[in-house]
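Worth knowing before you read on, the calculation uses all heavy atoms, side chains too, and leaves out hydrogens, waters and symmetry mates.
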Amino acid sequence: MLDALTVVTAVAALALAAWCGFAAYRDQPTKDWHFIGMAVVSLLATVQLIVGIVQLARGEKPEQGTVIFLAYLLGAFACIPAAGFMSLGERTRWGSVTVAAGGIVLAVLQVRLYDIWGG
């Protein structure tokens, strides 16, 4: 895996979590700007998914196993879009809390992906 991409994705996810957490603190639902932030973080996760698959296709192997690596990679890819869709169903401050939690989960998944790959 690309260490820089993992760090950038984790930092962006934490920034999104802080931003949506602040919106929840101010009793606001997710707004259009939050969805743009989710799109940026999701784009980073998509790039990471592609890089991970390309590295596996080139014959590189994660230290802790390919299946678990792919499972975490797919989970990281789906984390923010799932939180975004759930926030659409809850148009209160709890929608913002959901996205903030998704950002924290994505950051933790990044650390775990780094560990699985052999970092």
Side-chain angles (χ1 to χ4, degrees):
M1 289 297 295
L2 297 174
D3 294 343
L5 180 60
T6 303
V7 170
V8 167
T9 305
V11 168
L14 289 174
L16 178 67
W19 187 23
C20 290
F22 184 68
Y25 172 76
R26 295 184 61 202
D27 202 24
Q28 297 175 344
T30 50
K31 302 200 180 201
D32 291 343
W33 290 106
H34 296 116
F35 285 98
I36 292 170
M38 285 183 256
V40 170
V41 174
S42 295
L43 179 65
L44 290 169
T46 302
V47 170
Q48 187 179 42
L49 176 71
I50 292 168
V51 167
I53 290 172
V54 166
Q55 286 184 321
L56 289 174
R58 289 186 356 202
E60 299 178 39
K61 300 282 182 195
E63 281 186 8
Q64 296 183 20
T66 302
V67 173
I68 194 164
F69 176 74
L70 281 173
Y72 273 90
L73 199 59
L74 290 172
F77 170 71
C79 183
I80 296 298
F85 282 120
M86 288 178 9
S87 76
L88 284 174
E90 184 61 48
R91 300 304 294 165
T92 63
R93 71 184 294 176
W94 295 106
S96 295
V97 169
T98 302
V99 176
I104 292 169
V105 167
L106 179 58
V108 171
L109 288 173
Q110 295 304 306
V111 172
R112 186 68 180 119
L113 278 168
Y114 177 79
D115 186 45
I116 290 170
W117 189 260

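What you find for Leu113 and Ala76 is that their closest heavy atoms are CD1-CB, 4.1 Å. Pairing each heavy atom of Leu73 with each of Gly52, the nearest pair is CD2-CA, 4.0 Å. When all heavy atoms are compared, the tightest approach of Ala13 to Gly103 is CB-O, 3.4 Å. Contact detail for Ala100 and Gly21: the closest heavy-atom pair is CB-N, 3.8 Å. Here the closest heavy-atom approach between residue Ala107 and residue Ala10 is recorded as CB-O, 4.0 Å.
Looking only at side-chain heavy atoms (C-beta outward), Lys61 and Gln55 stay at 4.5 Å or farther from each other.
Note on Trp117: it clusters hydrophobically with Ile68, by side-chain heavy-atom contacts below 4.5 Å among ILVMFWY residues. Ile104 and Leu16 fall into different hydrophobic clusters, where Ile, Leu, Val, Met, Phe, Trp and Tyr residues are linked whenever their side-chain heavy atoms come under 4.5 Å apart, directly or through other members. Taking hydrophobic clusters as Ile, Leu, Val, Met, Phe, Trp and Tyr residues chained together by side-chain heavy-atom distances below 4.5 Å, Val105 does not share a cluster with Val99. Both Leu56 and Leu109 are part of a single hydrophobic cluster, where members link through side-chain heavy atoms under 4.5 Å apart. Taking hydrophobic clusters as Ile, Leu, Val, Met, Phe, Trp and Tyr residues chained together by side-chain heavy-atom distances below 4.5 Å, Val41 shares a cluster with Ile36.
Arg91 and Thr30 are linked by a side-chain donor-acceptor pair at a separation below 3.5 angstrom, with hydrogens and angles left out of the test.
With sequence neighbours excluded, no residue forms a side-chain contact (heavy atoms from CB on, under 4.5 Å) with Val111. Applying the salt bridge (charged side-chain N to carboxylate O under 4.0 Å, His left out) criterion to Arg58, with sequence neighbours excluded, gives Glu60. Every residue two or more places apart in sequence or in another chain that forms a side chain to side chain donor-acceptor pair (under 3.5 Å) with Thr92 is listed here: Glu90. Under the rule for a side-chain contact (heavy atoms from CB on, under 4.5 Å), Ala101 has no partner lying at least two apart in sequence or in another chain.
The distance from the CD1 atom of Ile116 to the OG1 atom of Thr66 is 10.5 Å, given to the nearest 0.5 Å. Summarising the geometry, atom OG1 belonging to Thr6 is positioned 10.5 Å from atom CG belonging to Leu44; distances are rounded to the nearest 0.5 Å. The structure places CD of Gln110 at 10.0 Å from CG of Leu14, a figure rounded to the nearest 0.5 Å. Between atom CE of residue Met86 and atom OG1 of residue Thr98 there is a gap of 5.0 Å, rounded to the nearest 0.5 Å. In this structure, CH2 in Trp94 is found 14.5 Å from OG in Ser87, a value given to the nearest 0.5 Å. Atom CZ in Phe77 sits 9.0 Å away from atom CD1 in Ile53 (nearest 0.5 Å).
Here the side chain of Ser96 pairs a donor or acceptor atom with the backbone of Gln28 at under 3.5 angstrom. Distance alone, capped at 3.5 Å, places no donor-acceptor pair between the Arg93 side chain and the Asp27 backbone.
Grouping Ile, Leu, Val, Met, Phe, Trp and Tyr by side-chain contacts under 4.5 Å, direct or through others, leaves Leu43 on its own.
Every pair passing ring-ring contact (aromatic ring centres under 6.0 Å, His included) that includes a residue from residues 26-68 is listed here, sequence neighbours excluded: Trp19-His34.
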